There are 2 protein chains.
Amino acid sequence: MPQTHPLNQEVTLSVIKTACSNCNLRELCLPLGLTLEELEQLDNMVSTRRRIKRGDHLYRAGEAFDAIYAIRSGFFKTDVLLEDGRDQVTGFQMAGELLGLDGISTEHHTCNAIALEDSEICAIPFSRLEVLSREIHTLQHHFHKVMSREIVRDHGVMMLLGTMRAEERLAAFLLNLSQRFTARGFSHAEFYLRMTREEIGSYLGLKLETVSRAFSRFQEEGHIAVQQKHIRILNVNGLKALMHHRAV
Amino acid sequence: MPQTHPLNQEVTLSVIKTACSNCNLRELCLPLGLTLEELEQLDNMVSTRRRIKRGDHLYRAGEAFDAIYAIRSGFFKTDVLLEDGRDQVTGFQMAGELLGLDGISTEHHTCNAIALEDSEICAIPFSRLEVLSREIHTLQHHFHKVMSREIVRDHGVMMLLGTMRAEERLAAFLLNLSQRFTARGFSHAEFYLRMTREEIGSYLGLKLETVSRAFSRFQEEGHIAVQQKHIRILNVNGLKALMHHRAV
DNA sequence: GCGTTCGCTTGATCCATGTCAACCATAAAT
DNA sequence: ATTTATGGTTGACATGGATCAAGCGAACGC
């Protein structure tokens with residue numbers, strides 16, 4: 001029994017426009033590997049597609065968890081707050097990536113998700129995702145992979161925070177961004193940062209001054225050109241070398 | 001069609017002895033919340049129960065992934081190795097916890113799992129786990145929670161590495177261990193460390209000398225008594241205060 | 001157009017932790 | 001019992017990044 005809105009062509013159009021099946025991110029997002037028919041089932045499940053204005057929260061730590069979110073467009077950060085006021089950015093998320101996986105554990109979100117630019121998200125009610133993934137094996141398996149990938153990513157960040165020095169961290173960060181922009185069809189060598197130096201620093205376990213100095217140093221050495229948030233990578237291999245060549 | 005070993009009482013006995021249904025860790029492990037009947041299905045799935053001697057690898061980074069492992073007894077560490085030789089301990093795992101979740105993502109293990117004492121593990125073939133969790137909703141949901149909990153844990157470590165200083169990190173580490181030992185019915189105030197100062201340091205992003213000095217300092221201040229690997233916590237609140245009270 | 005604000009850069013100084021080195025304790029090997 | 005190896009402690013010193021402080025540039029509101 002397909003849902004229709006015979007009295008409102010607008011709504012129908014908007015639904016079609018934002019369906020997973022038409023979304024050019026589907027190969028990066030949850031639908032990866034699904035057949036057309038399965039895609040439709042997933043589409044029916046996505047309850048809400050919503051705009052989040054820059055600076056607004058998608059969810060806050062402590063709120064009840066009931067859905068995970070796929071980013072349709074835009075850019076987010078997640079951060080964790082400690083009682084004593086310290087906070088840390090735990091990640092930056094871009095189109096096609098999922099937000100909210102941390103909430104499954106306790107049924108409450110454990111971090112804040114904040115839009116760093118005007119964004120659009122698709123809300124996927126988690127209980128329905130579990131139902132559907134019992135039916136669609138591909139979806140089940142892919143969802144598991146996505147969660148696992150998040151764990152692997154976190155290990156990478158732990159590595160970075162635990163063993164790398166400031167410039168290595170920043171080089172790794174830039175290369176990671178570049179790679180993710182590339183996967184989305186953008187230039188690998190030129191992009192705008194959506195986050196401040198302070199947010200980068202928080203993510204990398206550094207102070208904003210240190211981030212700024214490292215940017216300047218990279219520029220002096222010809223690895224990149226920086227102008228505020230505009231980054232051009234001039235020498236990828238230089239950055240890669242920076243990441244690894246280190247006196248242990 | 002139940003599997004039996006009519007010709008070999010030994011085997012039957014050993015299987016019974018190590019079944020999930022008889023395992024006193026089942027409330028900490030994957031079987032949480034399952035009915036007796038479901039437990040039996042899970043039991044049938046666990047393909048291997050294996051001993052791992054201290055120092056031996058359960059799996060190595062790069063190996064094909066096909067099972068996750070539940071720790072039946074013992075103690076493990078996982079670590080990640082970078083090309084340039086740097087490595088980092090990404091976690092310490094004890095009885096009832098799962099190992100290998102990181103391998104789902106790429107179908108290859110991304111870290112090494114090494115026994116820190118003689119241990120026993122249950123191997124759970126992942127494809128069969130996916131099949132079974134399509135049938136047993138409770139299992140499916142709990143598995144998702146376990147993965148999510150791992151993500152939350154990793155965020156905690158990122159917080160620790162990114163914002164805490166040496167003594168705060170060590171205090172957090174000790175309190176975490178204490179809490180996990182308690183959950184397993186051991187003393188919360190007295191335990192033996194299974195890992196070296198170097199391994200603790202690697203996990204906490206510190207050098208072994210710094211770890212050693214922090215232990216000594218805690219002892220001087222009366223928070224703990226240390227003698228090599230034997231730890232007694234004398235003042236839990238002292239440690240908690242150490243973790244939070246900090247001039248930002 | 002002009003001030004105000006916010007984010008960024010740069011310099012000077014300080015300090016927590018790393019590094020290097022010596023020594024000690026425990027356990028295993030002979 | 002003695003040697004050897006491994007892990008732990010402690011001290012002296014070096015240093016990377018934090019902190020404090022000043023100034024600059026771009027964006028925004030008026």
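Proteins get letters first, then strands, A, B, ... in listed order; numbering begins at 1 in each. Every value quoted in this text rests on a predicted model; they were computed, and no experiment measured them.
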What is the distance, to the nearest angstrom, from the [atom1] atom on [X] to the [atom2] atom on [N]?
| X | N | atom1 | atom2 | answer |
| --- | --- | --- | --- | --- |
| A:Ile200 | C:dG7 | CD1 | C1' | 12 Å |
| B:Phe215 | D:dT10 | CZ | P | 12 Å |
| B:Leu170 | C:dT17 | CG | C1' | 14 Å |
| B:His230 | C:dT26 | NE2 | P | 14 Å |
| A:Leu193 | C:dC6 | CG | C1' | 16 Å |
| A:Leu204 | D:dA18 | CG | P | 11 Å |
| B:Ile231 | D:dT9 | CD1 | C1' | 14 Å |
| A:Gln227 | C:dT9 | CD | P | 10 Å |

Is [X] salt-bridged to [Y], cutoff N-O under 4.0 Å?
| X | Y | answer |
| --- | --- | --- |
| A:Lys145 | A:Glu150 | no |
| B:Glu167 | B:Arg217 | yes |
| B:Glu199 | B:Lys77 | yes |
| A:Lys207 | A:Glu198 | no |
| B:Glu209 | B:Arg213 | no |

Problem set entry | Aromatic plane relationship, B:His230 with B:Tyr192 - under 30° parallel, 30 to 60° tilted, over 60° perpendicular | parallel
Exercise. Parallel, tilted or perpendicular for A:Tyr203 and A:Phe92, by the 30°/60° rule?
Worked result: perpendicular
Problem set entry | Residues touching DNA chain C, which here means a heavy atom under 4.0 Å, drawn from residues 216-226 of chain A | A:Ser216
Report yes if the side chains of [X] and [Y] come closer than 4.5 Å at any heavy-atom pair, otherwise no.
| X | Y | answer |
| --- | --- | --- |
| B:Met94 | B:Phe181 | yes |
| B:Ile224 | B:Arg232 | no |
| B:Ile104 | B:Met147 | yes |

Exercise. Checking all strands, does A:Gly205 fall into the base, sugar-phosphate, or nothing category for heavy-atom contacts under 4.0 angstrom?
Worked result: sugar-phosphate
Exercise. Do any pairs count as a side-chain hydrogen bond (donor to acceptor under 3.5 Å, both in side chains) and have a residue in residues 110-119 of chain B, sequence neighbours left out, and if so which ones?
Worked result: B:Asp79-B:Asn112, B:Asp102-B:Thr110, B:Glu117-B:Arg194
At a cut-off of 3.5 Å, list every protein nitrogen or oxygen paired with a nitrogen or oxygen from nucleotides 3-8 of chain D, distance to 0.1 Å.
| residue | atom | partner | partner atom | Å |
| --- | --- | --- | --- | --- |
| D:dG8 | OP2 | B:Arg197 | N | 2.9 |

For this session: Might you work through the ring pair (Phe, Tyr, Trp, His ring centres under 6.0 Å) test for B:Phe65 and B:His108, ending with a clear yes or no?
Result: CA-CA 5 Å; B:Phe65 161 86; B:His108 288 266; 9.3 Å; no
Exercise. So does A:Arg184 have more than 12 non-hydrogen atoms from other groups sitting under 6.0 Å from CZ?
Worked result: yes
For this session: Give a yes or no on whether B:Gln219 atom CD has more than 12 heavy-atom contacts from other residues, nucleotides or ligands under 6.0 Å away.
Result: yes
For this session: Report the C-alpha separation of A:Met164 and A:Met243 in whole Å, then their side-chain angles, then the decisive distance to 0.1 Å, and conclude whether the side-chain contact (heavy atoms from CB on, under 4.5 Å) test is met.
Result: CA-CA 8 Å; A:Met164 294 187 181; A:Met243 254 188 76; 4.0 Å; yes
Exercise. Can you tell me if B:Thr163 and A:Gln88 form a side-chain donor-acceptor pair at under 3.5 Å?
Worked result: no
I'd like a list of close polar pairs between nucleotides 21-23 of chain C and the protein, N/O only, cut-off under 3.5 Å.
none

For nucleotides 12-16 of chain D, list the nitrogen or oxygen atoms of the protein found under 3.5 Å from its nitrogen or oxygen atoms, one pair per line.
| residue | atom | partner | partner atom | Å |
| --- | --- | --- | --- | --- |
| D:dA12 | N6 | B:Arg213 | NH2 | 3.4 |

For this session: Please report how far the helix from C:dG1-D:dC30 to C:dT30-D:dA1 bends, comparing the axis fitted to its first five pairs with the axis fitted to its last five, to the nearest 10 degrees.
Result: 40°
